[in-house]
Structure formats: structure tokens, C-alpha cells
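These notes concern the structure reproduced below.
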Amino acid sequence: MNFLNEVAQHYPDAVSLAAGRPYEEYFDVAALHRWLDRFHRHLVQEQGLGPEQARRTLLQYGRTKGIVHHLVARNLAVDEGITADPEAVVVTVGCQEAMFLVLRALRTDPRDVLLAVAPTYVGLTGAARLVDLPVRPVAGGPAGVDLADLAEQVRRARAEGLRPRACYVMPDFANPSGVSMDTAHRRRLLESAAEAELLLIEDNPYGLFPARDGERPPTLKALDTDRRVVYLGSFAKSVLPGARVGYVLADQRVAAPDGSVGLLADHLAKIKSMVTVNTSPIAQAVIGGRLLEHDCSLAGANTRERAAYARNLRHLLDGLARRFPPERFPGVSWTAPAGGFFVVVTVPFGVDDALLHRSAREYGVLWTPMAHFYDDGAVVNALRLSISAVSPAQIDLGLDRLAKLVADEVAALVGGGAGQPR
């Protein structure tokens, strides 16, 4: 992520189809004051806090688990059909902290390993490195996760004397693949996890953004009947990235070192108290006010954003089809996700960081090499495009520049000069 930011800073005039930032057109500074005031009124009028206590709640160090945990639980019930005990929710500094806390809690023995569907979000593998938790890939594919390979990876790890603790999955419009799981496959994944005695870490930053109308499939957590799923959520895409507020729903019962049994959320809160102490109450209040303004439904609150992402996704897919006809580019193909932010383009040559630098410098377009989402260092003939932070006009300009790059690379490949890492 730092690498992409550095490249973007070096080439500010390049069109960025790399960044997964949310759409900025609807950002409104005035709304921050409105949301903050709405949450303050909630504390006084609905929670019964006195003026001094309400002021302290907003401006003083706060509760480690958070001050909007009850609103997060209501949001999960309204938008996702998840029944959540508010005490099982820990409000975090972005979803990245939630991810770190869960991995830190899981890593209790040098034999512990984590499984993750490949290609995998780089924030997950980065957090795992910080806690010295090796990540073993599980094959993805068009269904979202290969259940036979999941079982094989669990068997293989245990045969090596290792302890597979959990499998990280992103069932809705995954980053980077864009792939989603259907409901039947989600149920089979839960059954497979139960058979393997394995937790599932469900990350869901994009679930509110299907490109077509219709009922969204239930989350794994909504289908979870035996507390098999630890659920990670974020308000970065659905409310405001600058607030840096996420959460984890961890309702599993776990044993403490003293032999007592409590919520996993309580254990995560203890870890958090040593990392960030608490999540900014002011940032939480902004998120809380937005939730209250929409009766805790962010599905309804994001109608404009969802329409913009759907428009951009259609525009990108149509643009790829126009610029890369199969008769001229037989080695070029791309995914067609049903929503979310990302499309993966496969090309007949190696894609690496050096090519990205050249793309930015000579062609004026940024994208993300897919090799960053695999942990084996191998060259990958694919790149990720993002539709979230650009306009249709920028998409057209970026695709025109990308088409020129691909055409030149293919021509060099035919001439014997491309296809190798630069």
C-alpha cells in the first residue's frame, strides 16, 4: 500500500485505476457537525446521560470496546440479519486494527498458522507478519474458495505438526479478485469449517455494493449457528474513510489463562488496550450520528454511492471489451464481478513493479500488480483495476493509456523483447 502511494506521488498526472479509496463526490464537511450533534443528542435524550457525562463520553479517553457498539449491533441486525450481543463488538481504529487484534489473539503457539483464500488482501498478510503468524494459501476459483483444497491444506498442516487456527475469507466482491460466493457455497464452507474444527474470519468491506438490484446473499455470520465466524466490519467504505472506524464481532467463548471463560471480544479488548487504548470517541460519534440519521441502515444511506460504483463498473467492463477484442488480443481477459470495486485483467506477459513504474512514467496510468496479493514471489500475468475513486471520463482515459501499454507489451512479446520481469 505504501508502494502504491509512493508511485502515485511520483506521477501525480497519471490516472489512478489502482486506489481502492471510496468515491469522494458526496463527501460533505458540514455533515460531520450534523452527525456529531445527532450522536450527542442520542447520548442525552436516548441514553439518559447528563450534560457532563455526555461531554466526557465524547471528549475524554473512552471505553476500550467503544461507545457505538450498541449502534453497530443494530446496524448488523438491520442490514445483515445478524443478531449480535453489543458486548461481543469491539470498535476499532479501522478494520485493519480489528484484523490485527484477531490474529494476535489466535497466535498463541509457534505451531500456529493461518489459512487464507488466494489471492489475498495484502493487509491480512501484512498483519499476520507483524504477529509472526505464517499464512498458507487456499485455492480460490470462481466459487470463492475451493473446499477440497481447504480440507487438504488443513490436513497437510496438521500432518506437519502445525495448528491451523482459522481461514480468512472475503465472500462478497473480494479484494482483489472481485469474486463472490453464492449462498449454497457459503453454507458448504461453514460445514467444512465445522468438520475441520476451524474458525472463519469473514471480512466484509464491500457487501453493500452489488452492481445490480436484488437481494444480497446472507453473510457467513448471518448463517453461523455455532459461533464459527469472527466477523470484521468497516465504516470506511459505507460512511467515511477519514474517520478510521471499524469493528470486530467476536462472540466466541474462550478460556482465559486463569481458567475462566469469557467472550473472545473481551480478550481482544485487552489486547487493544495495549495497542491503541481506545478508538477516538469523536470519530465514533461521527459514525454513530450517521447510523442514527438512517435508523442504523447503511444500505439505504449508500444509495448514491452504490449507483456510482455500479455505473463505473459497467463503464470499465464495457471499455475493456471495446479496447481488447479477442481477435486482436487473444491473451487478454478479465473478470466480470457482480459488484464491489475491483476487476482483474489477465495479460500474456509478466506484470511487476517495474512495469507499473514504466506504465506511470511513460503511459500515465496506474494499476496494481496482482503479484502483491500472492506471497510466493512468483511473477503473475495479471493486474487489478479499481473503479471506486474515478469518474467515467477518467476510466476512459486510463483505459486508453492501458490499451497502449498492453499493445506495446504484446508487440514486444511477439518480437521477443517482453514477457520477462523488468
Side-chain angles (χ1 to χ4, degrees), residues 76-77 79-84 88 99 102-103 106 112-121 124-125 128 135-160 162-212 214-233 248-253 264 335-340 342 344 373-374:
L76 288 170
D79 279 346
E80 306 297 351
I82 297 172
T83 300
M99 197 174 296
V102 172
L103 300 187
L106 289 177
D112 292 337
V113 295
L114 177 71
L115 305 177
V117 176
T120 306
Y121 167 55
L124 182 280
T125 51
V135 179
R136 292 197 162 198
V138 175
V145 57
D146 185 324
L147 298 181
D149 190 57
L150 174 61
E152 172 59 19
Q153 293 304 326
V154 171
R155 184 202 65 76
R156 187 177 301 173
R158 287 174 176 160
E160 296 173 20
L162 302 175
R163 303 198 314 172
R165 302 304 307 277
C167 182
Y168 172 84
V169 295
M170 199 179 289
D172 293 283
F173 320 124
N175 179 10
S177 69
V179 172
S180 296
M181 298 182 198
D182 63 30
T183 302
H185 202 73
R186 294 173 194 231
R187 293 186 187 279
R188 289 194 290 271
L189 173 57
L190 285 166
E191 293 169 359
S192 297
E195 292 170 2
E197 298 182 341
L198 193 69
L199 283 176
L200 296 173
I201 302 173
E202 179 179 17
D203 192 3
N204 188 24
Y206 310 104
L208 291 181
F209 304 113
R212 291 181 289 274
E215 185 176 344
R216 293 186 293 122
T219 62
L220 288 172
K221 191 59 182 174
L223 299 171
D224 183 19
T225 58
D226 62 353
R227 295 177 177 172
R228 181 70 50 188
V229 178
V230 177
Y231 186 85
L232 306 179
V248 52
L249 170 58
D251 56 2
Q252 291 73 23
R253 309 291 294 185
L264 176 58
T335 59
F342 306 113
V344 176
F373 302 98
Y374 297 89

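The first residue in the sequence is number 1, and the count goes up from there. Note that this is a predicted model, so its numbers are computed, not measured.
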So which heavy atom on [X] is nearest to which on [Y], and how close?
X    : Y    : value
E202 : L220 : OE2-N, 2.9 Å
C167 : V117 : SG-CG2, 4.4 Å
P337 : G178 : CB-O, 3.4 Å
L223 : P218 : CD2-CG, 3.7 Å
Y206 : F342 : OH-CE1, 3.4 Å
Q252 : R228 : NE2-C, 4.1 Å

Working to the nearest 0.5 Å, report the span between [atom1] of [X] and [atom2] of [Y].
X    : Y    : atom1 : atom2 : answer
I201 : L115 : CD1   : CG    : 9.5 Å
D146 : L189 : CG    : CG    : 11.5 Å
T225 : L190 : OG1   : CG    : 7.5 Å
L150 : R188 : CG    : CZ    : 13.0 Å
S180 : M170 : OG    : CE    : 11.0 Å
M99  : Y121 : CE    : OH    : 5.5 Å

Can you check whether [X] reaches [Y] side chain to side chain, under 4.5 Å on heavy atoms?
X    : Y    : result
K221 : D251 : yes
D172 : R186 : yes
V179 : T335 : no
P171 : N204 : no
T219 : I82  : yes
L200 : D224 : no
Y231 : L76  : yes

Query raised in the report: Considering residues at least two apart in sequence or located in another chain, which fulfil the salt bridge (charged side-chain N to carboxylate O under 4.0 Å, His left out) criterion with R163?
Result: D112
Query raised in the report: Salt bridge between R155 and E152, side-chain N to carboxylate O under 4.0 Å?
Result: yes
Query raised in the report: Is the shortest side-chain N to carboxylate O distance from R136 to E160 below 4.0 Å?
Result: yes
Query - CA sep, side-chain torsions, deciding dist, call: V145, H185, side chain to side chain contact (heavy atoms under 4.5 Å, CB included) - result: CA-CA 9 Å; V145 57; H185 202 73; 3.6 Å; yes
Query raised in the report: Are there more than 12 heavy atoms of other residues, nucleotides or ligands under 6.0 Å from atom CZ of R158?
Result: yes
Query raised in the report: Got a donor-acceptor contact below 3.5 angstrom from the R216 side chain to the D79 backbone?
Result: yes
Report task. Please identify each residue that fulfils side-chain hydrogen bond (donor to acceptor under 3.5 Å, both in side chains) with E215, with sequence neighbours left out. Result -> none
Query raised in the report: When you look at T120 and V135, which way does the side chain to side chain contact (heavy atoms under 4.5 Å, CB included) test go after all the steps?
Result: CA-CA 10 Å; T120 306; V135 179; 5.6 Å; no
Report summary line: The residue among L106, V102, L114, V229 that forms side chain to side chain contact (heavy atoms under 4.5 Å, CB included) with L199 is L106
